[in-house]
Colleague: 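Okay, handing you the structure first.
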Amino acid sequence: MSEVRTRFAPSPTGFLHVGSLRTALFAYAFAKSQGGKFILRVEDTDCQRCIPGAAEKIYEMLKIFGIDWDEGPLVGGSYAPYIQSERVRTGVYKKYAEQLLKGGHAYYCCCPPEELEQIEERHERKRIELRDPCRNVDIQEAQARIKKGEKLAIRLRVPENETVSYHDFVLKKEISWETNCIDEVMLLKTDGFPTYHLGVVVDDALMQISHVIRGRDWLPSTPVHLLLFKYLGFPLPQIGHLTDILDPGGGKLSKRKGAVSCEEFLADGYLPEAILNFIMLVGWAPKDNRELFTLEEFIINFQKGSLQIANPVFNRKKLDWFNGIYLRKKTDEELASLLKNYVPDGANVALVNQTVPLVKDRITKLSDYRLLAGFFFEEPKIDRALFSATAGVQLIKAAEVLGKIKKWEKVEIEEGLKKLIEKEKWETGDFFMNFRVAISGSKITPPITDSIVILGQKTTLSRLQQAAKMLE
RNA sequence: GCCGCCAUCGUCUAACGGUUUAGGACAAGUCCCUUUCAAGGACUAGAUUGCGGGUUCGAAUCCCACUGGCGGCACCA
């Protein structure tokens, strides 16, 4: 059996989408699970849509998630990805387009390039006629026009009344199309760049990709690729289409309803391993219902599980759950260091370290830290409506008791407070809630006595006094 | 409009055509723990497997039709 080779082929037109991360992950795991190779190829043949720096961002992201590629041009001792715009210069795409032309499987298109507004019109026309009028233009005539300096594009010539089909290894079924329904797509643009269709087929063939794994949204263009593989005389790779990830609100996962790029999730304080574990289970499932996998474990188990064929809905709550799990797996030191970008500016490092054990079980993502522990670093803004009617006296007396404490330690503090509550016959819950609000400005906090131990006697007293004053 | 894909609890899913009173996880609810919120533990509820027909001794599992969802139809990828 020949080597398994998969690839991830993003276009650098924006941030890495979680759906793309999944495609990359599955292609990577598929190859790795069989001792194969994984390749990264940047499909940047539409110069206008490319965003400077986007490609580098994608490399960086993949590496953060542990997805690294095994091949490519050597640059400074490591592999660079294959880049289509660079390959254009070698003339490969043009060469194969001309081969198709020669074989009668493509033709020059003399239509003037359309503006975006006209595309809609074309779309309407497609409903009636799939064939381009240029298919009948004499090739000699077209070549004469090119000699005169005109730039002509090249379209695929689709045969009539044939059937094309392939076996989808993810869907596990034969899928076929009547050629009469296949569009005569553009292959080579007037700027000399290939379109996606020519680009993928030529490169997948030349790079000897054994298994093409891509999103379901590519399924409709597969018949075109099938034709190209055939006419170019390339062996057909195995092709498999992954599910589309759906938005809870319906339709494909979209930005409107929240974050979709890996950058955003990371910035929000989701851990790479949590995102990765979550995304593994979106479109793939093991037989034994296991849920926790590291990347290595995923690779080992990949073949034993199965790729889903029904489109899943993106379940954010489940991502939160995974993140909580991985957050709690961190040591306090690790968590403190991860929290660096989420603590208030200029926050005291030692103070942050002390608060970590208190917040660890209470945050679902790193960005929650500030909301929960902000009062350690800045004076709280207190809404007096949060206090109960008994708050005034309680705070004053609590301050008196705490002011007398010699050793500022948890046991001493708790003892003093408990005695006070008993003596005054207060309700424990009522007292602590008022106390909590006075210290933090919030009804939701880490354990409050632990918190004031960290906060220190001076700050604690001043906050109590301030709150009491406010209630006068 | 045309072409294609899909269909099990709210969500993600498990279940060689028979061991299934359809299992697990997230979410929800109840209880325990508890000075709040979490975390943790225990438990509950939730799916006549979209609908209708077949095939079969037997169907969530196979076939057909319907309905619904999704995707694609650019000199974009």
Side-chain angles (χ1 to χ4, degrees), chain A residues 9-13 43-46 48-50 109 111-116 118-120 122-124 126-128 130 151-155 168 171 173 175-178 180-183 185-197 199-200 215-223 241 243-244 246 248 250-252 278 281-291 306 308-322 324 328 358-364 368 372 414 417-418 421 427-437 440 442-449:
Chain A
S11 62
T13 52
E43 310 219 323
D44 57 344
T45 53
D46 183 11
Q48 283 165 359
R49 295 204 326 149
C50 292
C109 180
C111 303
E114 286 156 332
E115 297 300 319
L116 233 63
Q118 293 171 277
I119 287 167
E120 191 60 31
R122 182 181 188 91
H123 188 95
E124 288 301 316
K126 275 266 174 66
R127 292 180 177 182
I128 307 145
L130 236 43
K151 288 201 155 89
L152 300 184
I154 297 172
R155 276 187 192 279
D168 193 294
L171 266 19
K173 67 175 286 198
I175 300 175
S176 64
W177 292 264
E178 297 301 321
N180 294 3
C181 298
I182 301 171
D183 188 16
V185 297
M186 202 58 87
L187 297 177
L188 201 72
K189 302 182 258 186
T190 44
D191 62 5
F193 279 70
T195 60
Y196 169 78
H197 305 293
V200 254
R216 185 94 115 233
D217 42 347
W218 289 113
L219 219 174
S221 58
T222 304
H241 289 94
T243 50
D244 285 329
L246 266 27
K252 262 209 291 190
F278 168 71
L281 267 3
V282 178
W284 176 87
K287 298 293 170 210
D288 60 0
N289 286 319
R290 175 177 168 181
E291 308 225 67
S306 58
Q308 301 307 127
I309 59 173
N311 292 344
V313 172
F314 189 87
N315 184 353
R316 239 200 128 91
K317 286 269 170 81
K318 188 101 185 201
L319 207 211
D320 286 344
W321 178 73
F322 272 115
R328 269 170 255 124
L358 300 191
V359 300
K360 199 171 180 177
D361 286 347
R362 289 162 231 275
I363 56 175
T364 56
D368 292 341
L372 202 64
E414 273 182 344
L417 256 20
K418 234 165 232 163
I421 292 166
E427 242 177 81
T428 310
D430 176 57
F431 168 77
F432 276 106
M433 189 50 84
N434 287 325
F435 188 77
R436 183 185 314 282
V437 170
S440 73
S442 169
K443 286 189 154 187
I444 298 168
T445 70
I448 200 65
T449 42

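We name chains A, B, ... by the order of the sequence lines, and we start the count at 1 in each one.
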Colleague: Check every strand shown and say whether A/Lys360 touches a base, only sugar-phosphate, or nothing at a heavy-atom separation below 4.0 Å.
Modeller: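 Here A/Lys360 touches no strand at all.
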Colleague: When the P atoms of B/rC62 and B/rA74 are compared, how many Å lie between them, rounded to an integer?
Modeller: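 The answer is 35 Å between these two P atoms.
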Colleague: Does A/Asn311 get its side chain close enough to the base of B/rG71, under 3.5 Å, for a donor-acceptor pair?
Modeller: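 Flag unset: no donor-acceptor pair detected.
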Colleague: Measure CH2/A/Trp284 against P/B/rA14 and give the value in whole Å, please.
Modeller: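 Taking CH2 of A/Trp284 and P of B/rA14, I get 10 Å after rounding.
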Colleague: Of all the nucleotides listed (B/rC3, B/rC6, B/rA77), which has the minimum atom distance to the side chain of A/Lys173?
Modeller: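 Looking only at heavy atoms from C-beta outward on A/Lys173, the closest nucleotide is B/rC6.
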Colleague: Quote, to the nearest angstrom, the P distance that separates B/rU61 from B/rA22.
Modeller: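 B/rU61 and B/rA22 have their P atoms separated by 15 Å.
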Colleague: Between B/rA45 and B/rG52, how many Å separate the two C1' atoms, rounded to a whole number?
Modeller: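 After rounding to an integer number of Å, I get 30 Å for this pair.
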Colleague: Does A/Thr190 make a side-chain donor-acceptor contact with the base of B/rC75, cut-off 3.5 Å?
Modeller: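 It does, because a donor-acceptor pair links the side chain of A/Thr190 to the base of B/rC75 below 3.5 Å.
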Colleague: How long is the line joining CD1 of A/Ile182 and P of B/rC73, in whole Å?
Modeller: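 So the CD1-P distance, A/Ile182 to B/rC73, works out to 15 Å.
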Colleague: Check every atom of B/rA77, B/rU36, B/rC6 against the side chain of A/Thr45 and return the nucleotide holding the closest atom.
Modeller: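 Minimum distance to the A/Thr45 side chain belongs to B/rA77.
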Colleague: What's the closest nucleotide to the A/Leu219 side chain, out of B/rU36, B/rA77, B/rG4?
Modeller: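 Closest nucleotide to the A/Leu219 side chain: B/rG4.
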Colleague: If you look at every strand shown and take non-hydrogen atoms under 4.0 Å, does A/Met433 touch a base, only sugar-phosphate, or nothing?
Modeller: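 Here A/Met433 touches the backbone only, sparing every base.
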Colleague: Taking any heavy-atom pair under 4.0 Å as a contact, classify A/Gln308: base, sugar-phosphate, or nothing.
Modeller: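 The answer is sugar-phosphate, as A/Gln308 gets under 4.0 Å only of primed atoms, P, OP1 or OP2.
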Colleague: Suppose you measure atom P in B/rG50 against the same atom in B/rA60; what distance do you get, rounded to whole Å?
Modeller: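 Approximately 10 Å lies between the P atom of B/rG50 and that of B/rA60.
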Colleague: Considering only the P atoms, how many Å lie between B/rC32 and B/rC37, rounded to the nearest integer?
Modeller: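 So the two P atoms sit 13 Å from each other.
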Colleague: Compare side-chain N and O positions of A/Lys189 against OP1 and OP2 of B/rA77 and report whether any pair is under 4.0 Å apart.
Modeller: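 For B/rA77, OP1 or OP2 has a side-chain N or O of A/Lys189 closer than 4.0 Å.
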Colleague: Looking only at atom C1', what distance separates B/rU49 and B/rA59, rounded to whole Å?
Modeller: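 Going atom to atom, C1' in each nucleotide, I get 11 Å.
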Colleague: Expressed as a whole number of Å, how far does the P atom of B/rC16 sit from that of B/rC33?
Modeller: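 B/rC16 and B/rC33 have their P atoms separated by 43 Å.
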Colleague: Counting the atoms with a prime plus P, OP1 and OP2 as sugar-phosphate, which does A/Ile421 contact under 4.0 Å by heavy atoms, base, sugar-phosphate, or nothing?
Modeller: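 Counting heavy atoms under 4.0 Å across all strands, no contact is made by A/Ile421.
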Colleague: Are A/Ser442 and B/rU36 close enough that a side-chain N or O sits under 4.0 Å from OP1 or OP2?
Modeller: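 False: A/Ser442 side-chain N/O out of range (4.0 Å or more) of B/rU36 OP1/OP2.
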Colleague: Checking only heavy atoms, does the side chain of A/Arg362 share a donor-acceptor pair with the base of B/rC37 at less than 3.5 Å?
Modeller: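 Donor-acceptor pair under 3.5 Å: yes.
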Colleague: Taking atom C1' in both B/rA7 and B/rC66, what distance in whole Å separates the two?
Modeller: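 These two C1' atoms come out 13 Å apart once rounded.
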